[in-house]
Structure formats: structure tokens, C-alpha cells
Amino acid sequence: MKIAVYPGSFDPISNGHLDIIKRASCLFDKLYVLVSINPNKKYVFNEVERVEMMKKVCKDIKNVEVCSSSNLVLNFAIKNNARYLVRGLRNHNDFDNEMQLFQFNHSINSNIETILLFPSANNLFLSSSSIKELVKFNSDISNYVPSVLKDEIETKLKERL
């Protein structure tokens, strides 16, 4: 069984994240979407909110399971028999970060491979930061977030920004 983990903060979830999830789910028998918890990072959405939003948008993808963890992603993968980590790669900055992360992970456990997926063209420049900025300046985010979450994301971001 081919098992993968797609980790991220998903703060907030974007159509880019969902695009990677849908495409990765076709490559693996099981895909864990891991909402990562970094105690050193400030989130707009708390862990429960991010997990619930992710479950809402992934509910129809049969081989996807949404989880959260404050542990190393690699440890989660090992514990859940995942041999692959899925990462999105938008630009050269992402490439540099992913290369370093791959080398670090590979030095800890060389049995876990990193699979890089490029975003679809309409998600190439999409980031959670850009969604936050659009909301801050009262711009429409309809094209950038799952429609079922648009109002929830806008409301929360307007409260916090």
C-alpha cells in the first residue's frame, strides 16, 4: 500500500492546497493531510478550526484522512507507515526551502521520499499570505479558497487582521 503525508499549516486553506490534495490522492492508496502545529508560529485559525475546515473540503476524497500533529512530520510519517511526503513547489524560493527540508529529512530517514508537485497554472502565485492580504484590503477571495469555506475564512480573517 502506497501511503503519503501532505503536511502544511493551511492557515487558511487555499484552492492551491486543495489542488495538490486532489492530485496527490490519485497517486497514493492513502493520503494523510497533516495540519502541522508549530508552537513557534502564530496562526489565525487554531488547530481545531484548520482540521475541521480541511475535513469539510476533503470529505468526498475517499482515500484522504485529515490529522494534526505538533510532532515532526517525519515522525508522523514513520508512525503511520507512510513512505512519501508530498510537497507543493511554486517557485525558486519554495525549491530552496524544499531542498533543505528534503536533505534534513533524508539524513534522519532515507526510506521516506519527498514528492514535489507543481501547482496548476491558476494557483501558481497563490499563498495563504496573499489571501490574508486580499481580505485585509477588502478584495474578493472567491477564486482562491474553496467556496464552502469562503465566508468562514473572510469572517475570521477580518476579525484578526
Side-chain angles (χ1 to χ4, degrees), residues 4-28 31-61 64-77 82 84-102 104-105 114-161:
V5 177
Y6 176 47
S9 60
F10 309 116
D11 187 48
I13 299 159
S14 72
N15 285 339
H17 296 130
L18 191 54
D19 175 52
I20 296 290
I21 291 166
K22 287 177 179 177
R23 292 172 41 223
S25 72
C26 295
L27 300 173
F28 301 99
L31 177 65
Y32 287 102
V33 175
L34 183 65
V35 175
S36 299
I37 314 302
N38 181 340
N40 299 318
K41 192 171 178 181
K42 288 184 130 186
Y43 297 108
V44 173
F45 296 89
N46 65 41
E47 174 184 355
V48 172
E49 291 169 325
R50 289 182 286 143
V51 168
E52 288 307 310
M53 286 190 299
M54 189 59 77
K55 284 182 177 180
K56 198 178 290 186
V57 297
C58 291
K59 68 180 171 63
D60 295 329
I61 309 171
V64 167
E65 184 176 334
V66 178
C67 303
S68 66
S69 176
S70 58
N71 204 337
L72 280 176
V73 171
L74 207 58
N75 289 342
F76 179 89
Y84 306 94
L85 299 179
V86 174
R87 305 290 296 170
L89 187 66
R90 295 171 297 192
N91 54 44
H92 66 86
N93 291 331
D94 284 353
F95 177 83
D96 291 341
N97 293 334
E98 294 304 332
M99 176 64 81
Q100 290 175 8
L101 189 56
F102 163 76
F104 177 72
N105 287 339
T114 298
I115 307 297
L116 301 173
L117 293 178
F118 294 102
S120 299
N122 55 331
N123 295 312
L124 189 57
F125 299 103
L126 184 56
S127 69
S128 294
S129 300
S130 60
I131 292 167
K132 290 172 186 171
E133 187 170 346
L134 287 172
V135 170
K136 183 176 182 177
F137 292 103
N138 296 312
S139 297
D140 184 23
I141 60 170
S142 299
N143 293 329
Y144 310 113
V145 298
S147 58
V148 68
L149 297 177
K150 179 188 170 288
D151 292 340
E152 184 177 348
I153 289 171
E154 279 183 332
T155 299
K156 182 76 170 200
L157 289 177
K158 285 177 181 177
E159 288 172 3
R160 297 290 304 270
L161 298 177

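Note that the numbering runs from 1 along the sequence shown for the chain.
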For [X], what residues pass the side chain to side chain donor-acceptor pair (under 3.5 Å) criterion, not counting sequence neighbours?
X      : result
Asn71  : Asn75
Ser139 : none
Glu52  : none
Ser142 : Asp140

Run the salt bridge (charged side-chain N to carboxylate O under 4.0 Å, His left out) test against Lys150 and tell me which residues pass, sequence neighbours left out.
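Residues passing salt bridge (charged side-chain N to carboxylate O under 4.0 Å, His left out) with Lys150: Glu154.
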
Restricting to salt bridge (charged side-chain N to carboxylate O under 4.0 Å, His left out), what partner residues turn up for Lys56, sequence neighbours left out?
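Lys56: salt bridge (charged side-chain N to carboxylate O under 4.0 Å, His left out) contacts with Glu152.
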
Which distance, rounded to the nearest 0.5 Å, do you find between the [atom1] of [X] and the [atom2] of [Y]?
X      : Y      : atom1 : atom2 : value
Met99  : Leu116 : CE    : CG    : 8.5 Å
Ile131 : Ser14  : CD1   : OG    : 5.0 Å
Leu18  : Asn123 : CG    : CG    : 9.0 Å
Glu98  : Asn105 : CD    : CG    : 9.5 Å
Ile37  : Asn46  : CD1   : CG    : 8.5 Å

Could you note down all residue pairs passing salt bridge (Lys or Arg N to Asp or Glu O under 4.0 Å) where residues 33-49 supplies at least one of them, sequence neighbours left out?
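Pairs touching residues 33-49 that pass the test: Glu49-Lys156.
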
Any pair counted as salt bridge (Lys or Arg N to Asp or Glu O under 4.0 Å), so long as it reaches residues 116-139, sequence neighbours left out
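Counting only pairs at least two positions apart or across chains, the salt bridge (Lys or Arg N to Asp or Glu O under 4.0 Å) contacts touching residues 116-139 are Asp11-Lys132.
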
For Phe102, ring pair (Phe, Tyr, Trp, His ring centres under 6.0 Å) partners two or more places apart:
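Checked Phe102 against ring pair (Phe, Tyr, Trp, His ring centres under 6.0 Å); matches are His106.
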
Who pairs with Phe45 by ring pair (Phe, Tyr, Trp, His ring centres under 6.0 Å), at least two apart in sequence or on another chain?
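Here no residue qualifies.
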
Is the backbone of [Y] close enough, under 3.5 Å, to the side chain of [X] for a donor and an acceptor to pair up by distance?
X      : Y      : result
Arg23  : Phe118 : yes
Thr114 : Leu85  : no
Ser127 : Ser130 : yes

Residue pair [X] / [Y]: nearest heavy atoms and the distance that separates them:
X      : Y      : value
Leu134 : Ile141 : CB-CG2, 3.8 Å
Ala4   : Val86  : CB-CG2, 3.9 Å
Gly16  : Leu126 : N-CD2, 3.5 Å
Asp19  : Ser120 : OD2-OG, 2.9 Å
Pro12  : Ser128 : O-OG, 2.9 Å
Pro146 : Asn15  : N-OD1, 2.9 Å

Trace of the side chain to side chain contact (heavy atoms under 4.5 Å, CB included) decision for Glu159 with Thr155
CA-CA 6 Å; Glu159 288 172 3; Thr155 299; 3.8 Å; yes

Is any side-chain heavy atom of Val57 less than 4.5 Å from a side-chain heavy atom of Val148?
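Heavy-atom side-chain distance check passes, below 4.5 Å.
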
Taking the side chain as every heavy atom from C-beta outward, state whether Cys67 and Val35 have any pair of such atoms under 4.5 Å apart.
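Answer no - side chains too far apart.
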
With sequence neighbours excluded, what pairs up with Asn91 under the side chain to side chain contact (heavy atoms under 4.5 Å, CB included) test?
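Per chain and number, Asn91 pairs via side chain to side chain contact (heavy atoms under 4.5 Å, CB included) with Asn93, Asp94.
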
Enumerate the ring pair (Phe, Tyr, Trp, His ring centres under 6.0 Å) contacts for residues 6-28, please, sequence neighbours excluded, ordered by first and then second residue.
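Ring pair (Phe, Tyr, Trp, His ring centres under 6.0 Å) check on residues 6-28 returns Tyr6-Phe10, Phe10-His17, Phe28-Tyr84.
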
Criterion side chain to side chain contact (heavy atoms under 4.5 Å, CB included) against Arg87, the qualifying member of Val5, Val73, Leu101, Ile20
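Single side chain to side chain contact (heavy atoms under 4.5 Å, CB included) partner of Arg87 among Val5, Val73, Leu101, Ile20: Leu101.
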
Does the side chain to side chain contact (heavy atoms under 4.5 Å, CB included) test come out yes or no for Leu117 and Leu27, once each step is laid out?
CA-CA 11 Å; Leu117 293 178; Leu27 300 173; 4.2 Å; yes

I would like to know whether Asn138 and Lys158 meet side chain to side chain contact (heavy atoms under 4.5 Å, CB included); could you show each step before the answer?
CA-CA 9 Å; Asn138 296 312; Lys158 285 177 181 177; 4.1 Å; yes

